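Here's the structure, in structure tokens; my notes come after.
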Amino acid sequence: MDERSRALLKTLIERYIEEGQPIGSRTLSRFSGLDLSAATIRNVMADLEDMGLVTSPHTSAGRIPTPRGYRLFVDTMVTVRPLEEIATRELERGLLPDSPQRVLSSAAQILSNLSHFAGVVMTPKRAQVFKHIEFLRLGEGKILLIMVTPEGDVQNRILPTTQDYTPSQLIEAGNYINAQFAGKSFDQVRLHLKSDLDNLRADISGLMALALQSGVADYDMSQGDMVLSGERRLLNVGDLSSNLDKLRKMFDMLEQKSVLMQLLDVSSHADGIQIFIGGESDLLPYEDLAVISAPYSVDGQIVGTLGVIGPTRMAYDRVIPIVDITSKLLSGALSS
């Protein structure tokens with residue numbers, strides 16, 4: 001795509017974000033700063049449409065960006081504006097060191113207040129630790145794993161096994177695991193077992209491996225929770241609220257959390273700002289939504305993600321620094 005086409009696409013998206021109406025050639029001529037005839041602009045628009053970057057609604061001669069057009073815009077064209085001083089002060093006042101839960105809730109609320117959309121913070125994943133483990137024989141080929149957490153929660157898991165263990169073997173294996181590993185996370189247990197399994201009796205090592213592989217190994221993969229603030233602000237966004245079916249799907253997504261949790265978890269493995277444009281992938285299947293996210297850390301270790309949920313037609317140049325600075329201030333407040 002040549003510079004002329006890029007300039008017209010950038011102008012079209014900026015004007016559409018500002019006005020919310022399909023953009024015609026006259027508006028592009030006035031705001032692009034290019035000395036082009038209306039016919040030339042129409043030809044460029046036709047080329048951009050063929051490339052899948054813009055589309056023309058049936059009711060208008062003007063054009064609007066597609067998810068692909070938004071992606072090109074946010075990746076290569078958007079110019080981030082410095083955050084207003086009043087917004088920076090609100091962030092600094094709201095994210096002072098406090099209890100972690102209050103700081104996380106404040107971050108979500110401030111993200112919503114400053115962006116005028118919904119703010120979301122994925123809370124840190126808890127390292128799963130067990131206080132006590134016990135094995136019970138249920139019958140041939142089945143063992144019940146009982147795990148008690150330090151908080152007193154009891155979790156049960158049925159473990160299939162090809163070996164038939166005696167009650168005394170099960171008691172001995174449970175006693176050994178409790179004596180050696182109670183109070184440790186399952187990641188620590190797995191690391192330790194890599195070198196120790198070969199040195200243990202076959203019955204004990206088999207039960208330990210079985211517990212980790214089939215029962216305990218996925219407990220520490222559980223997600224943290226999610227703090228959501230200002231989702232009702234999305235009702236004031238015409239692009240989202242004008243279609244009742246889209247509105248219902250959007251709030252189903254916010255209520256079920258699974259789509260957002262998966263998206264935020266992906267963000268936690270990336271550096272810096274991530275922008276998800278609706279309709280681009282299965283991570284955000286709702287075409288009118290966009291999420292701007294960034295990871296945050298505690299003492300230099302990334303523990304979660306925060307972000308803003310809004311329409312694809314949002315002022316990315318303004319919301320990006322809100323998310324970026326919030327992630328830095330939240331990291332500082334939690335690390336103090």
Side-chain angles (χ1 to χ4, degrees), residues 1-23 27-28 31-32 44-45 47-49 51-55 62-84 87 111-112 114-120 122 233-234 237-240 250 253 259-260 262-296 305-328:
M1 186 166 45
D2 59 27
E3 287 304 312
R4 182 179 66 180
S5 299
R6 289 177 62 85
L8 287 175
L9 178 62
K10 183 174 186 289
T11 302
L12 182 146
I13 295 177
E14 288 174 343
R15 296 319 306 166
Y16 180 67
I17 288 173
E18 180 71 24
E19 300 176 14
Q21 299 294 329
I23 305 301
T27 299
L28 289 173
F31 286 97
S32 68
V44 173
M45 287 298 104
D47 291 341
L48 294 176
E49 190 162 359
M51 296 167 67
L53 299 172
V54 301
T55 187
R63 289 175 171 83
I64 63 175
T66 63
R68 187 177 176 186
Y70 275 121
R71 170 53 59 196
L72 184 62
F73 175 74
V74 299
D75 283 350
T76 67
M77 299 178 184
V78 69
T79 302
V80 175
R81 284 190 272 166
L83 194 60
E84 302 94 330
L111 284 168
S112 176
L114 295 180
S115 68
H116 307 298
F117 301 127
V120 62
M122 186 175 77
R233 291 178 186 267
L234 299 177
V237 179
D239 295 3
L240 302 177
M250 179 185 69
M253 179 195 76
V259 172
L260 265 181
Q262 182 183 3
L263 183 150
L264 293 172
D265 189 53
V266 168
S267 298
S268 69
H269 301 293
D271 292 329
I273 293 289
Q274 298 290 305
I275 301 175
F276 298 88
I277 305 294
E280 272 192 316
S281 71
D282 293 338
L283 281 175
L284 190 59
Y286 306 103
E287 191 163 303
D288 295 315
L289 276 182
V291 176
I292 300 176
S293 66
Y296 65 91
T305 316
L306 55 77
V308 166
I309 307 162
T312 50
R313 191 178 69 84
M314 76 165 82
Y316 296 93
D317 59 341
R318 181 177 173 276
V319 179
I320 287 172
I322 291 173
V323 173
D324 186 38
I325 293 175
T326 303
S327 72
K328 291 179 171 62

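Predicted model only: the values in this text are computed from it and were never measured. Only heavy atoms go into these numbers, but all of them, side chains included; no hydrogens, no water, no symmetry mates.
Residues Asp288 and Leu240 approach most closely at O-CD2, 3.4 Å, considering heavy atoms. Leu111 and Thr326 get closest at one heavy-atom pair: CD2-OG1, 3.5 Å. Minimum interatomic distance between Arg71 and Phe276 (heavy atoms only, all atoms of both residues): NH2-CA, 3.9 Å. Considering every non-hydrogen atom in both Ile309 and Leu289, the closest pair reads CG2-CD2, 4.1 Å. When every heavy atom of Ala290 is checked against every heavy atom of Tyr316, the shortest pair comes out as CB-OH, 3.7 Å. The minimum heavy-atom distance between Leu72 and Thr76, with the atom names listed, is O-OG1, 2.8 Å.
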Exercise. Begin from the C-alpha positions of Leu264 and Val266 and carry the test side chain to side chain contact (heavy atoms under 4.5 Å, CB included) through to its verdict.
Key: CA-CA 5 Å; Leu264 293 172; Val266 168; over 6 Å; no
Quiz item: For Arg63 and Ile23, what are the C-alpha separation, side-chain angles and deciding distance, and is it a side chain to side chain contact (heavy atoms under 4.5 Å, CB included)?
Solution: CA-CA 5 Å; Arg63 289 175 171 83; Ile23 305 301; over 6 Å; no
Exercise. Show the numbers, then the answer: is there a side chain to side chain contact (heavy atoms under 4.5 Å, CB included) between Met45 and Leu12?
Key: CA-CA 10 Å; Met45 287 298 104; Leu12 182 146; 3.5 Å; yes
Quiz item: Taking it one step at a time, do Ile275 and Val291 satisfy side chain to side chain contact (heavy atoms under 4.5 Å, CB included)?
Solution: CA-CA 6 Å; Ile275 301 175; Val291 176; over 6 Å; no
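Ile64 is linked by a side chain to side chain contact (heavy atoms under 4.5 Å, CB included) to Tyr16, Pro22, Thr55, Pro57, counting only residues two or more places apart in sequence or in another chain. With sequence neighbours left out, the salt bridge (charged side-chain N to carboxylate O under 4.0 Å, His left out) criterion links Arg81 to Asp317. Remark: Asp271 pairs with no residue by the salt bridge (charged side-chain N to carboxylate O under 4.0 Å, His left out) rule, at least two apart or across chains. Applying the salt bridge (charged side-chain N to carboxylate O under 4.0 Å, His left out) rule to Glu287 yields no partners; only residues at least two apart in sequence or on another chain are considered. Residues passing the side chain to side chain contact (heavy atoms under 4.5 Å, CB included) test with Ala7, sequence neighbours excluded: Leu34. With sequence neighbours excluded, the residues satisfying side-chain hydrogen bond (donor to acceptor under 3.5 Å, both in side chains) with Arg15 are Glu19. Judged as a side chain to side chain contact (heavy atoms under 4.5 Å, CB included), and not counting sequence neighbours, the contacts of Glu14 are Lys10, Phe73. The side-chain hydrogen bond (donor to acceptor under 3.5 Å, both in side chains) test applied to Ser5 returns Asp2, not counting sequence neighbours. Not counting sequence neighbours, the partners of Arg233 by the side-chain hydrogen bond (donor to acceptor under 3.5 Å, both in side chains) test are Ser112, Asn113. By the side-chain hydrogen bond (donor to acceptor under 3.5 Å, both in side chains) test, Ser115 pairs with no residue at all, sequence neighbours left out. A search for salt bridge (charged side-chain N to carboxylate O under 4.0 Å, His left out) contacts involving Glu18 returns nothing, not counting sequence neighbours.
Atom OH in Tyr70 sits 8.0 Å away from atom CD1 in Ile277 (nearest 0.5 Å). Between the OG atom in Ser268 and the CG atom in Leu263 there is a gap of 10.5 Å [rounded to 0.5 Å]. To the nearest 0.5 Å, atom CG of residue Leu28 and atom OG1 of residue Thr11 are 6.5 Å apart. Residue Ile325 holds its CD1 atom at 12.0 Å from CD1 of Ile320, rounded to the nearest 0.5 Å. The distance from the OG atom of Ser32 to the CG atom of Leu9 is 12.0 Å, given to the nearest 0.5 Å.
A donor-acceptor contact shorter than 3.5 Å links the side chain of Arg68 to the backbone of Met51. Side-chain atoms of Tyr296 come within 3.5 Å of backbone atoms of Met122 as a donor-acceptor pair (strictly under, hydrogens ignored).
The closest side-chain heavy-atom distance from Ile322 to Asp324 is not below 4.5 Å. Side-chain contact check for Leu53 versus Met1: some heavy-atom pair is nearer than 4.5 Å.
In this structure, a donor-acceptor pair under 3.5 Å is absent between the side chains of Thr305 and Ser267.
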